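Step one of this worksheet: look at the structure below.
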Amino acid sequence: VGSWLGIQHEYLPGALGEWYFPSWIDILNNAPQRYQRSVLLEGNSPGISFNILEAGGYLQNQIELGRGLTVRVGVRVDAPFTLDQPEENERVRSFFNRSTSDLPSGMVLFSPRLGFNWQTGGNLKTQLRGGIGIFTGQLPYVWLSNAFHNNGLRSVTQVCYGRRTSDPLEGNTSPPFNPTTPPEGCLAGVPTTVRAVTIFDDGFVYPQYAKVSASLDREITSGLSASIGGIFTHSINQVLLRELNILPQEEALLPLRGYGGTARTHFGMPTDEGFTPIRLLPGYDQVLLATNGSGDRAWSVSGELKGDITRRISFNAAYAYSRSYDRMSLGSVDLISNFGRTPSHGDPNDPPLTPSNFDRPHKAVLALYGTPIPGLERTEIALLYSGESGLPYSYVYRGDLNGDGYPFLGPASDGNNDLLWVPESAIQLPSSVGTYLRLAAALESDECLKKFRGRFLTRNGCRAPWQNRLDLRIAHSETLGRAQV
């Protein structure tokens with residue numbers, strides 16, 4: 001089998017301008033502290049296009065072993081090809097010894113699988129089924145488009161600093177907010193320009209996962225059945241991201257007192273608010289490498305009971321316990337944003353395995369449905385309850401506390417990724433009286449902060465409250481001529 005994909009993507013985030021107001025006073029005065037705008041370089045358009053050829057095949061043999069046992073053995077082969085390349089950035093290539101024009105293409109991925117199904121005869125049947133195998137996932141092709149958009153040659157981010165109300169003026173001075181016509185420059189000087197680059201590692205392969213599953217289905221009576229099952233998934237080739245354009249430095253720890261001290265890795269020059277990143281390649285900010293790793297895992301066990309309560313009413317009850325762990329939860333179309341939204345208190349290029357952004361351990365479902373009203377056979381009523389654990393979350397500092405360049409200018413402007421260090425007491429944190437009082441109250445009332453006192457929060461170490469949902473559905477049908485409505 002095969003498919004040809006022609007992909008066209010128009011993407012220039014920040015083209016309409018972004019204004020940063022640190023306070024309400026700045027908003028009222030329309031005096032942003034920073035303004036940035038993405039600008040295409042001459043000769044480029046906001047849209048890029050490239051072509052993908054996906055080739056593959058599947059071979060399977062089904063073996064009937066008798067006594068209700070069937071075994072299936074198969075193998076799938078996938079070979080994706082990227083038929084176009086981004087422009088080569090020779091400066092990036094010579095400095096990092098990595099090509100901006102290399103994209104994953106031509107790898108041959110084998111996915112062997114083994115499955116079985118055993119079923120008894122008779123009126124009340126029992127079925128046992130399961131399997132083990134390797135599964136190849138399709139890479140989101142919008143991530144490949146990042147390499148075309150962010151090669152350091154198509155666009156730059158122009159940045160203006162300083163409030164226009166300052167006396168004397170600061171920096172090159174940010175223009176006021178204008179939603180209809182984005183300003184094309186600064187009020188008092190030439191804009192600072194920054195560039196971002198996304199590179200795919202030589203030998204990068206599409207994601208692959210090993211999976212094991214098994215389930216047991218049993219008809220208990222003619223009107224009652226039960227199922228239990230489980231699945232375990234472990235990554236073989238997962239997508240990981242690394243920032244190449246930072247260098248760990250040993251500097252004074254004054255800005256980190258009360259924020260984790262020497263336990264927090266830092267990468268730049270110290271300032272009053274944290275660290276400013278030191279860029280290895282001048283003129284460039286984020287230089288992101290998409291590479292492969294392993295270790296992500298997820299598993300789930302579940303049970304279900306369904307049957308008839310009366311002739312008119314049926315029920316379905318189910319419960320699942322699931323866990324998922326990863327190093328990065330990649331939920332954005334922009335790889336730089338994905339990196340910046342992975343909180344860490346250590347090296348962001350080596351994130352630990354923690355609960356993923358999608359981890360919900362518990363889920364319960366109960367449904368009652370049928371035609372309970374005598375005489376209204378065409379009126380169906382269904383009552384559905386579902387409850388599940390809240391999503392996990394992390395507390396992070398606003399700003400770049402450790403100098404890794406996130407958040408920073410350009411595509412990384414929203415990547416607050418420095419995890420909170422929770423003091424034993426609010427007095428340990430250098431802050432104003434108002435901040436001290438709010439933190440002291442939070443340390444007593446927030447269960448997550450109480451749990452992490454005296455240490456760093458872990459990524460997704462906090463969890464939102466349990467969520468409940470109750471739905472009622474009433475459907476009535478009538479026949480109008482030959483139609484049923």
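Since the structure is predicted, the reported quantities are computational estimates derived from the model, not experimental observations.
- Within the 4.5 Å cutoff, the side chain of L420 has heavy atoms near those of the L449 side chain.
- Side-chain contact between L457 and C448: present, with at least one pair of heavy atoms (C-beta onward) separated by less than 4.5 Å.
- Rounded to the nearest 0.5 Å, atoms CG (L40) and CZ (R154) are 6.0 Å apart.
- Residues F452 and W421 keep their aromatic ring centres 6.0 Å or farther apart.
- With sequence neighbours excluded, the residues that form a side chain to side chain contact (heavy atoms under 4.5 Å, CB included) with T310 are R312, I313.
- Between I134 and F110 there is no side-chain heavy-atom pair separated by less than 4.5 Å.
- Residues H234 and Y209 place their aromatic rings such that the two centres sit no closer than 6.0 Å.
- Partners of R469 under the side chain to side chain contact (heavy atoms under 4.5 Å, CB included) rule, at least two apart in sequence or in another chain, are S386, D471.
- Aromatic ring pairs are classed by plane angle as parallel below 30°, tilted from 30° to 60° and perpendicular above 60°; the pair H9 and H149 is perpendicular.
- Counting heavy atoms from C-beta outward, L144 and I52 have side chains that approach closer than 4.5 Å.
- Looking at heavy atoms from C-beta onward, Y393 lies out of side-chain contact with L391 at the 4.5 angstrom threshold.
- With rounding to the nearest 0.5 angstrom, the CG atom of L12 is 10.0 Å from the CG atom of N44.
- Ionic pairing of R98 and D201 is present here: one or more N-O contacts between side-chain nitrogen and carboxylate oxygen are shorter than 4.0 angstrom.
- Taking CG from D334 and CG from N146, the interatomic distance works out to 5.0 Å, rounded to the nearest 0.5 Å.
- In this structure, CG in D347 is found 9.0 Å from CG in D404, a value given to the nearest 0.5 Å.
- Using a cutoff of 4.0 Å between basic side-chain nitrogens and carboxylate oxygens, R279 and D285 are scored as salt-bridged.
- The side-chain heavy atoms of N150 and L288, taken from C-beta on, include no pair separated by under 4.5 Å.
- Note on R453 versus D446: no salt bridge recorded, every NZ/NE/NH1/NH2 to OD/OE distance being 4.0 Å or above.
- The side chain to side chain contact (heavy atoms under 4.5 Å, CB included) search around R378 returns H476, S477, E478, T479, not counting sequence neighbours.
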